[in-house]
Amino acid sequence: PEVPEREEKKIEPVEMDEKLLTDEEKKAVEEFSHKIDVRDTNMILQYGAAAQKSVAGFSESALNNVRSKDLGEIGQDLSRLVVELKGFGKEEDEKGIFGFFKKKKNELEAMKVAYTKAEANVDKIAEVLEGHQVTLMKDIAMLDQMYELNTKYYKELTMYILAGKKRLNQVRANELEQLRQKAAQSGTQEDAQAYNDLTNMCSRFEKKLHDLELTRMISIQMGPQTRLIQNNDTLMLEKIQS
């Protein structure tokens with residue numbers, strides 16, 4: 001059945017990923033969640049900010065790598081090499097040089113001249129391709145490191161979100177509910193304001209967690225995109241080696 005558009009845009013619940021954490025990481029999430037103070041505005045503003053910045057920097061690096069890569073140029077150099085090899089001996093024939101040698105019955109000398117010229121051209125192209133090869137090998141290794149870093153950022157964000165949601169649920173189920181009951185019983189403006197303040201703080205923290213989930217989605221997408229770039233580099237490297 002066709003999924004409604006609003007469901008397609010819905011962020012995947014982060015709780016699904018808790019099973020991917022080790023027991024030690026789950027324990028760390030649990031312990032860290034108790035240290036979160038939703039009333040501390042500065043803490044909420046900075047919550048997960050380092051991980052968000054890391055993902056942003058990673059995305060920028062990946063985009064720069066794509067911008068600086070000109071696989072078309074490498075393809076042109078490979079095409080030049082193929083043309084040079086396939087055209088060996090034909091150029092002289094077209095210009096009449098090979099015909100001149102045939103008249104003199106000195107086909108061996110003609111072949112030597114043609115070979116010397118073709119060899120020089122092939123060597124030049126090969127030198128350029130070797131430079132491309134070194135660059136591609138470095139890029140492939142770098143993309144491996146980038147993939148590992150992205151995996152690290154993804155897990156870090158997941159742990160921040162899990163810890164934050166645990167704490168948010170605890171506050172809403174306990175402190176906030178207690179304040180609500182107190183305000184309802186007393187009817188005073190002071191108690192009502194205390195309840196409203198904590199409600200707003202919880203909403204602000206929830207918005208922060210939502211932002212982290214959006215960043216986490218970027219991190220999820222960057223994984224296969226990094227592998228795609230790496231795969232294209234590898235294919236081109238294999239063509240050069242062939």
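Just the heavy atoms: all of them, side chains too, but no hydrogens, waters or symmetry mates, feed the values below. Nothing fancy with the numbering, it's 1 onward along the sequence. Source: prediction; values computed, not measured.
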Just so I know, are the side chains of [X] and [Y] near enough to count as touching, which here means a heavy-atom distance under 4.5 Å?
| X | Y | answer |
| --- | --- | --- |
| Leu198 | Val38 | yes |
| Leu21 | Leu162 | yes |
| Thr135 | Lys138 | no |
| Lys124 | Val128 | no |

Open item on the list: Counting only heavy atoms from other residues, nucleotides and ligands, does the tally under 6.0 Å from CE of Met137 exceed 12?
Closed with: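 It does not: Met137 CE has 12 such atoms or fewer within range.
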[X] to [Y] - nearest heavy-atom pair and separation:
| X | Y | result |
| --- | --- | --- |
| Ser219 | Tyr153 | OG-C, 4.5 Å |
| Gln241 | Gln133 | CG-NE2, 3.2 Å |
| Ser33 | Ala163 | CB-O, 3.3 Å |
| Thr226 | Met222 | OG1-O, 2.6 Å |

Distance, nearest 0.5 Å, that separates [atom1] of [X] from [atom2] of [Y]:
| X | Y | atom1 | atom2 | answer |
| --- | --- | --- | --- | --- |
| Ile240 | Leu235 | CD1 | CG | 11.5 Å |
| Leu157 | Thr215 | CG | OG1 | 6.5 Å |
| Gln46 | Thr41 | CD | OG1 | 11.5 Å |
| Leu168 | Leu176 | CG | CG | 9.5 Å |
| Ile220 | Gln225 | CD1 | CD | 12.0 Å |
| Leu136 | Lys239 | CG | NZ | 12.0 Å |

Task: Qualifying residue for side-chain contact (heavy atoms from CB on, under 4.5 Å) with Met146, from Asn150, Leu143, Leu149 - done: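 Testing Met146 for a side-chain contact (heavy atoms from CB on, under 4.5 Å) against Asn150, Leu143, Leu149 leaves exactly one candidate, Leu143.
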Open item on the list: Using the side-chain contact (heavy atoms from CB on, under 4.5 Å) definition, which of the options Lys166, Glu24, Lys165 pairs with Val29?
Closed with: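 One option only clears the test, and that one is Lys166.
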- [ ] Could you walk me through whether Glu177 and Arg180 pass side chain to side chain contact (heavy atoms under 4.5 Å, CB included), step by step?
- [x] CA-CA 5 Å; Glu177 178 60 22; Arg180 187 193 67 78; 2.7 Å; yes
TODO: Report yes or no: do Thr188 and Asp191 form a side-chain donor-acceptor pair below 3.5 Å?
DONE: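 Thr188 vs Asp191: donor-acceptor pair found between side chains.
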Task: Distance-only side-chain donor-acceptor flag, Gln193 / Asp197, under 3.5 Å - done: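 Present: a donor and an acceptor within the cut-off.
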All N/O donor-acceptor pairs, side-chain side in residues 201-209, below 3.5 Å, sequence neighbours left out:
| residue | atom | partner | partner atom | Å |
| --- | --- | --- | --- | --- |
| Ser203 | OG | Thr199 | O | 3.0 |
| Glu206 | OE1 | Arg172 | NH2 | 3.1 |
| Glu206 | OE2 | Arg172 | NH1 | 3.3 |
| Lys207 | NZ | Asp211 | OD1 | 3.0 |
| Lys207 | NZ | Asp211 | OD2 | 3.2 |
| Lys208 | NZ | Leu45 | O | 3.3 |
| Lys208 | NZ | Gln52 | OE1 | 3.3 |

Exam field: side chain [X] to backbone [Y], donor-acceptor pair closer than 3.5 Å:
| X | Y | answer |
| --- | --- | --- |
| Arg167 | Ile36 | yes |
| Glu31 | Ala28 | no |
| Thr151 | Tyr147 | yes |

Task: Sequence-distant partners of Gln230, side-chain hydrogen bond (donor to acceptor under 3.5 Å, both in side chains), two or more places apart - done: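 For Gln230 the side-chain hydrogen bond (donor to acceptor under 3.5 Å, both in side chains) partners, ignoring immediate neighbours, are Asp144, Arg227.
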Open item on the list: Test: ring-ring contact (aromatic ring centres under 6.0 Å, His included). Region: residues 170-199. Which pairs qualify, not counting sequence neighbours?
Closed with: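 Sorted result for residues 170-199: empty, none.
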- [ ] For side chain to side chain contact (heavy atoms under 4.5 Å, CB included), just list the numbers for Glu175 and Gln170, CA-CA rounded to whole Å, side-chain angles, deciding distance to a tenth of an Å, and then say yes or no.
- [x] CA-CA 8 Å; Glu175 296 176 51; Gln170 289 170 358; over 6 Å; no
Task: Phe32 and Tyr47 aromatic ring geometry - parallel, tilted or perpendicular at 30°/60° bounds - done: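 Plane angle under 30°, so parallel.
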